[in-house]
Each structure stands twice: as structure tokens, then as C-alpha cells.
Amino acid sequence: MNNNNGNHYFEHYAKITLVDYYIFEKDSLIVRDKPDLQSERLDYGIEVTQAILKTEARCNDLKCNVRLSLSEYESIDEEISAGEKSFYEALRAGESLKNIRIDLIRERIADKLEKLNHNYRIFSTNALYIFAETARFEESDLDTIRAYIRTAHTQHTVGYDVYFLNCISKLCIYDSKKDRIDSVRIPTSDLRELKRKAKRSAENE
């Protein structure tokens with residue numbers, strides 16, 4: 001995952017959720033690059049990405065990067081305004097926010113499958129962790145995403161073995177080999193502490 005502000009916050013957030021709510025041990029995953037989380041002992045690699053609009057990502061940069069010049073701030077602000085206009089035009093045209101998120105997830109999966117096959121180190125187990133940025137997905141939405149993954153895999157030599165979908169208060173896990181979806185709950189009472197731990201870990205790396 002490319003963090004323009006140099007802060008690996010989302011990689012650390014993903015790592016913490018996988019340790020606290022899934023099967024990984026505390027020291028089993030290391031934050032690296034291509035893919036973002038790696039375990040030599042488990043021969044396991046995890047790429048981390050966000051299903052967000054480019055303007056949302058630029059907004060995150062704007063909030064986090066205190067070194068931007070005034071002209072850079074103004075340029076990003078114009079870009080965000082233009083993106084927000086097209087985003088709300090889509091909503092007014094009848095496209096739901098949830099469907100927009102699903103489309104963004106498809107885009108990120110397609111992009112990361114391409115990179116897995118051409119740019120990333122291949123492990124025995126390869127996984128993709130996606131921040132869905134919504135808690136509104138229902139079972140039918142997950143089935144839509146699963147169907148897309150199965151089709152997308154036919155177009156590549158290597159596919160991701162596991163997909164983690166962070167739905168804020170729930171972590172959905174899709175095993176593409178077994179074609180099975182499981183989920184674990186992330187208590188809403190834990191969310192603030194998760195953010196604090198991820199921020200601290202990213203600052204101390």
C-alpha cells in the first residue's frame with residue numbers, strides 16, 4: 001500500500017486486527033513492502049489497500065502531511081472539490097453509496113491481482129486485506145464480491161488465497177480455495193483503542 005505521507009498507519013491497523021481477532025501471533029507479521037505484511041516463518045504475505053475514492057486518499061494526505069506548501073494544499077483542495085462533485089452526482093443519479101464501495105473494491109482487487117502477478121513477492125499463502133470503509137454490507141453484497149473474485153482469478157496465473165474485508169466492526173474472511181466466507185466481530189468499543197495502537201505503532205516503526 002502506497003502511503004504518500006510516509007505513515008504506515010493502515011498496515012499497522014490491519015496487522016493489529018489480524019493479531020487481536022484472527023489467528024496470527026503478535027510477532028508473526030512484519031510491515032514491509034510488496035506485499036505490506038510478511039511472515040517468513042509462516043510463508044505468508046498480505047497486501048493492504050483501501051476501497052476509497054482517489055479524492056478521499058488525497059484528503060487523507062492533506063490531513064496527515066504537514067510539509068505541503070500552500071500551492072500544494074490549494075491544488076489538492078481543487079482536486080478534492082472536483083471529486084466530491086462527481087461523487088455526489090453519482091449519488092443523485094441513483095447509485096447507492098454501498099454500490100460505489102463495491103465498485104471500488106472490484107477496482108482494488110483487479111489492480112492488486114495484476115501487481116501480485118507482476119510486481120509482488122509470491123508466498124505459499126497470499127492474501128489481500130481491504131478496508132471497505134463501510135459497515136453496511138449484507139450477505140448478498142459479500143456474495144457479489146465473492147463472485148467477482150472467482151471470475152477475476154480466471155484471468156491470472158496467481159490469485160489471492162485469502163481476502164480480508166475490514167467492514168469497521170466486522171472482519172470478513174474469504175478463503176478463495178475453499179470458497180467460504182467467515183467473519184469475526186470487532187467490538188465497537190475497541191475501535192478507538194485500535195486506532196490509537198495503530199497510530200503509535202506507525203510512529204514508532
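Below, each value reflects all heavy atoms present in this structure, side chains not excepted, and no hydrogens, waters or symmetry copies.
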Salt bridge (Lys or Arg N to Asp or Glu O under 4.0 Å) against Asp143, all qualifying residues, sequence neighbours excluded: Arg146
Between CG on residue Leu128 and CD1 on residue Ile109, distance to nearest 0.5 Å: 6.5 Å
Keeping the roles fixed (side chain from Asp33, backbone from Asp36), state whether a donor-acceptor pair exists under 3.5 Å. no
Are a donor atom and an acceptor atom from the side chains of Lys199 and Tyr13 found within less than 3.5 Å of each other? no
Qualifying salt bridge (Lys or Arg N to Asp or Glu O under 4.0 Å) pairs, either residue in residues 184-195, two or more places apart: Glu193-Arg196
Just to verify, what does Glu107 make a side-chain hydrogen bond (donor to acceptor under 3.5 Å, both in side chains) with, not counting sequence neighbours? none
For Tyr174, what residues pass the side-chain hydrogen bond (donor to acceptor under 3.5 Å, both in side chains) criterion, not counting sequence neighbours? Asp179
Suppose we screen for ring-ring contact (aromatic ring centres under 6.0 Å, His included). Which residues come up paired with His156, at least two apart in sequence or across chains? none
Cluster link Phe123 to Tyr120, ILVMFWY, side chain under 4.5 Å: no
For Ala152 and Leu113 the tightest heavy-atom approach is CB-CD1, 3.6 Å
Aromatic contact, Tyr163 with Tyr160 (centres under 6.0 Å): yes
Working to the nearest 0.5 Å, report the span between NE2 of His153 and OG of Ser176. 5.0 Å
What distance do Ile46 atom CD1 and Glu11 atom CD have between them, rounded to the nearest 0.5 Å? 11.5 Å
So does Ser39 get a backbone contact from the side chain of Asp43, meaning a donor-acceptor N/O pair under 3.5 Å? no
Contacts of Thr17 meeting side-chain hydrogen bond (donor to acceptor under 3.5 Å, both in side chains) (sequence neighbours excluded), chain-then-number -> Tyr129
Are the side chain of Asn126 and the backbone of Gly45 linked by a donor-acceptor contact shorter than 3.5 Å? no
Residues that Tyr44 engages under ring-ring contact (aromatic ring centres under 6.0 Å, His included), provided they are two or more places apart: Phe24
Can you sort out the partners of Lys197 under salt bridge (Lys or Arg N to Asp or Glu O under 4.0 Å), two or more places apart, ordered by chain and number? Asp20
Would you check if Phe164 and Leu171 make a side-chain contact, meaning some heavy-atom pair closer than 4.5 Å? yes
Under 3.5 Å side-chain donor-acceptor pair for Arg108 and Thr49: yes
Using side-chain heavy atoms (C-beta onward) and a distance below 4.5 Å, is Asn99 in contact with Ile102? yes
For residues 115-125, which residue pairs pass the salt bridge (Lys or Arg N to Asp or Glu O under 4.0 Å) check, not counting sequence neighbours? Glu40-Arg121, Asp111-Lys115
Looking at Ala198, is its backbone amide N or carbonyl O close enough to the side chain of Ser201 to form a donor-acceptor pair, meaning the two atoms are under 3.5 Å apart? no
With Glu25 via salt bridge (Lys or Arg N to Asp or Glu O under 4.0 Å) - residues at least two apart: Arg41
Any residue meeting salt bridge (Lys or Arg N to Asp or Glu O under 4.0 Å) with Lys177, in chain and number order, not counting sequence neighbours: Asp161
Cluster check Tyr9, Ile30: I/L/V/M/F/W/Y, side chain < 4.5 angstrom: no
Answer with yes or no whether the hydrophobic clustering places Val48 together with Ile23; edges join I, L, V, M, F, W, Y residues whose side-chain heavy atoms lie under 4.5 Å apart. yes
Is there a side-chain contact between Ile186 and Ile168 (heavy atoms, below 4.5 Å)? no
Could you measure the distance from the CD atom of Glu133 to the CG atom of Asn166? Nearest 0.5 Å is fine. 8.0 Å
For Arg106 and Ile149: C-alpha separation, side-chain torsions, deciding distance, then whether side-chain contact (heavy atoms from CB on, under 4.5 Å) applies. CA-CA 8 Å; Arg106 288 193 185 106; Ile149 290 171; over 6 Å; no
Rounded distance (nearest 0.5 Å) linking atom CG of Asp141 with atom CZ of Arg101: 13.5 Å
Set of residues satisfying side-chain hydrogen bond (donor to acceptor under 3.5 Å, both in side chains) with respect to Asp182, sequence neighbours excluded: Arg180
Could you check whether any side-chain heavy atom of Leu165 comes within less than 4.5 Å of a side-chain heavy atom of Leu142, counting everything from C-beta outward? yes
Looking at side-chain heavy atoms only, is the closest gap between Ile16 and Tyr21 below 4.5 Å? no
To the nearest 0.5 angstrom, please state how far the SG atom of Cys167 sits from the CD atom of Glu138. 11.5 Å
Report the C-alpha separation of Val31 and His12 in whole Å, then their side-chain angles, then the decisive distance to 0.1 Å, and conclude whether the side-chain contact (heavy atoms from CB on, under 4.5 Å) test is met. CA-CA 7 Å; Val31 176; His12 284 278; 3.7 Å; yes
Would you indicate whether the side-chain heavy atoms of Ile122 and Leu116 approach each other to under 4.5 Å? yes
